[in-house]
Amino acid sequence: METMKKRKMILEGNLYKVITLLSLPIMLNNLIQTMYNLTDTYFLSKLGAIEVASMTLAWPVVFLQLALGVGIGIAGTTLISQNIGANKIDEAKKIAGQLVTFAMGFSVLLSISGVMSTSYILKVMGATGEIYSNAYIYLIFIVGGAPLMYAGFVYSSIRQGEGNTISPMIMSLISVTINVILDPIFIFHFDLGIKGAALATLFSRAIMLFYIVYQLFVRDTPMKLSLKDLKPEFSYIKKLTNLGIPASIGQATIALGFVVLNSFVNTYGELTLAAFGIGNRITGLIVMPAMGIGGAVSSIVGQNIGNNDVKRVRECVFKSSVLGAIFSVAGTTTLLIWGSSLVRVFSTNKNIIDLGNEYLKYISLSLIGLAILPIITGALQGVGQTKKAMYLSMSRLWVFRLPLLLLLPYFIGKTENVIWYAIFSSNIIAMLIAIYVYKRSKFESIVENAENIGDEIVKKRINQDVEDKMEAKFKKIKTK
């Protein structure tokens, strides 16, 4: 069985090989998602800077919705991977069913509340004029389609918990390919502009829903779900929420932090906001390998801690960090040499190119922080310590970056350098704090290992046999 083969590889295989095999599909998946984002940015840039700025302003709101789903997915991956590591496949399957029920129900509520609050959120962010109207149109469709987005999260969470990172990649590849085909048709041919970009996204996700249903409910695998698995059970929902709430809060506060950050950047003008958005897209592409490794770490650590192999967990984090550092050095070199050329792909405006290149040079020097932090938080999530991961994720923006944005203008004046310095510093400081927290953390499984349970049963039976024999001897002596 594929699930058991993956389990054996993750628990016993060469770790560099395991990390590479699991992270490569995640890297490709992240590349595919980034290409989707870049595709929208590319086509919208042909319409003008206002459309790009509108999407940049809207993105943190989308990320907030995405973040809540990712938090739920993290909980699912943690519980599924630890139960598979503990050789409790039926329990892992039950959790997968409850994950589907909980996530889809939550996404419907999120969709309704999101549509109702979109206008207010954009006004709080300071959006006005064309930027407001474009961002509003885009968000209404994307936020309203939350269940389609969450279906993808659930599927990826279940498969990554199994150690299968290839299937989510295939799903994303098909979805993004459809989106790339539909984007120019809706944006230019039907003359829908930014509304066309949103509709292309919704159509591609709706088509992939059929693929997800087939994979989870029809295809014959050890984790094949049935309708009875979807019946809500409070004990499982509680486990998911206990782990998922901290993860969701962590992700959501990051998203909220980016809303505040974008609002701050917006005060420097639409050119700076557009350059910042393009720079973030490019940076997301560059750090993709490290993010892929961080995603793989969660699954590897989860199954190994479920198997009570703490030594292998530590070894996994160390070797993942080595690989992450190598990729970060390569990324830094790329941005320092070809930064302006990369920005030119998305804009012909000289001011945007200059600002974007300047931003990339600063952030390139802190890529090591963007590489190590997700690896450590991934490990903490894998062992079920989602609160620690939450605090570390939140601190980068709320404890370091945003306060620096408020303080630095008093020392260097209100220039774009305030943004670049704050981002660079927060990435490095957050990485150092994460390393310190990881070193002081103790790891243990949050599920019982099936083999250990068996050992306990054997011990109890032996003890009971001894007690019975002693009691029999005592009765004989008493009779005599």
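Start at 1 with the first residue, then count along the sequence.
Side chain of Ser111 to backbone of Gly144: a donor-acceptor contact under 3.5 angstrom is found. In this structure, the side chain of Thr386 engages the main chain of Leu243 through a donor-acceptor pair within 3.5 Å. The main-chain N or O of Thr201 is found under 3.5 Å from a side-chain atom of Ser204 such that the two form a donor-acceptor pair. One N or O on the side chain of Thr78 and one on the backbone of Gln381 form a donor-acceptor pair closer than 3.5 Å. Side chain of Thr221 to main chain of Lys224: a donor-acceptor pair is present (N/O by atom type, distance under 3.5 Å, no hydrogens or angles). A donor-acceptor pair under 3.5 Å is absent between the side-chain atoms of Ser23 and the main chain of Ile293, judged by distance alone. A donor-acceptor pair under 3.5 Å is absent between the side-chain atoms of Thr118 and the main chain of Tyr136, judged by distance alone. Judged purely by atom type and a 3.5 angstrom limit, Gln82 has no side-chain atom pairing as donor or acceptor with the backbone of Ala92. Looking at Ser426, its side chain does come within 3.5 Å of a backbone N or O of Ile423 through a donor-acceptor pair. Not a single donor-acceptor pair under 3.5 Å links the side chain of Ser175 to the backbone N or O of Ser172.
Residues Ile19 and Val297 form no side-chain contact, since every pair of their non-hydrogen atoms from C-beta on lies 4.5 Å or further apart. Side-chain contact check for Gln215 versus Ile158: every heavy-atom pair is 4.5 Å or farther apart. Using a 4.5 Å heavy-atom threshold, the side chains of Thr267 and Lys414 count as touching. Residues Phe443 and Leu380 form a side-chain contact, since some pair of their non-hydrogen atoms from C-beta on lies under 4.5 Å apart. Side-chain contact between Phe346 and Ile282 is present, with heavy atoms from C-beta onward closer than 4.5 Å. Residues Leu335 and Leu365 fail the side-chain proximity criterion, which asks for heavy atoms closer than 4.5 Å. With contacts defined as side-chain heavy-atom distances shorter than 4.5 Å, the pair Leu99/Ser157 qualifies. Counting heavy atoms from C-beta on, the side chains of Tyr421 and Leu404 never come closer than 4.5 Å.
With a 6.0 Å radius and a threshold of 12 heavy atoms from other residues, nucleotides or ligands, Phe203 has its CZ atom at or below the threshold. Residue Met291 qualifies as open at atom CE: its count of foreign heavy atoms under 6.0 Å is 12 or below. Around OH of Tyr42, the count of heavy atoms belonging to other residues, nucleotides or ligands within 6.0 Å does not exceed 12. Few gaps surround CZ on Phe188; more than 12 heavy atoms of other groups in view lie less than 6.0 Å from it.
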Open item on the list: I'd like to know whether Thr41 forms a side chain to side chain donor-acceptor pair (under 3.5 Å) with Arg281, so could you lay out the CA-CA distance, the side-chain angles of the two residues, the decisive distance to 0.1 Å, and finally the verdict.
Closed with: CA-CA 9 Å; Thr41 304; Arg281 305 286 191 196; 3.2 Å; yes
- [ ] Carefully, step by step, assess Arg205 and Asn179 under the rule side chain to side chain donor-acceptor pair (under 3.5 Å).
- [x] CA-CA 9 Å; Arg205 288 175 179 170; Asn179 188 78; over 6 Å; no
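What you find for Glu162 and Ile84 is that their closest heavy atoms are CA-CD1, 3.6 Å. Of all non-hydrogen atoms in Ile187 and Ala197, the two that sit nearest each other are CG1-N, 3.7 Å. Nearest heavy atoms, Ile353 versus Arg344: CD1-CG, 3.5 Å. Taking each heavy atom of Met394 and Ile249 in turn, the nearest pair found is SD-CG2, 4.4 Å. Between Ile368 and Ser328 the shortest heavy-atom distance is CD1-OG, 3.5 Å. Across all their heavy atoms, Thr332 and Ser364 have their closest contact at OG1-O, 2.7 Å.
No donor-acceptor contact under 3.5 angstrom links the side chains of Ser263 and Asn266, judged on distance only. Looking at Thr283 and Asn280, their side chains never bring a donor and an acceptor atom within 3.5 Å of each other.
Taking the six-membered ring for Trp, Tyr359 and Phe276 have ring centres closer than 6.0 Å.
Contact check on Lys46 versus Glu51 returns no salt bridge, with no Lys/Arg side-chain nitrogen under 4.0 Å from an Asp/Glu carboxylate oxygen. Between Lys239 and Glu91 there is a salt bridge, with a side-chain nitrogen of the basic residue lying less than 4.0 Å from a carboxylate oxygen of the acidic one.
Between the CG atom in Leu367 and the CG atom in Asn427 there is a gap of 8.0 Å [rounded to 0.5 Å]. Atom-to-atom distance recorded for Ser321:OG and Ile435:CD1 is 7.5 Å, nearest 0.5 angstrom.
For the pair Lys361 and Phe424, the cation does not sit on the ring face, since its NZ or CZ is not both under 6.0 Å from the ring centre and inside 45° of the axis.
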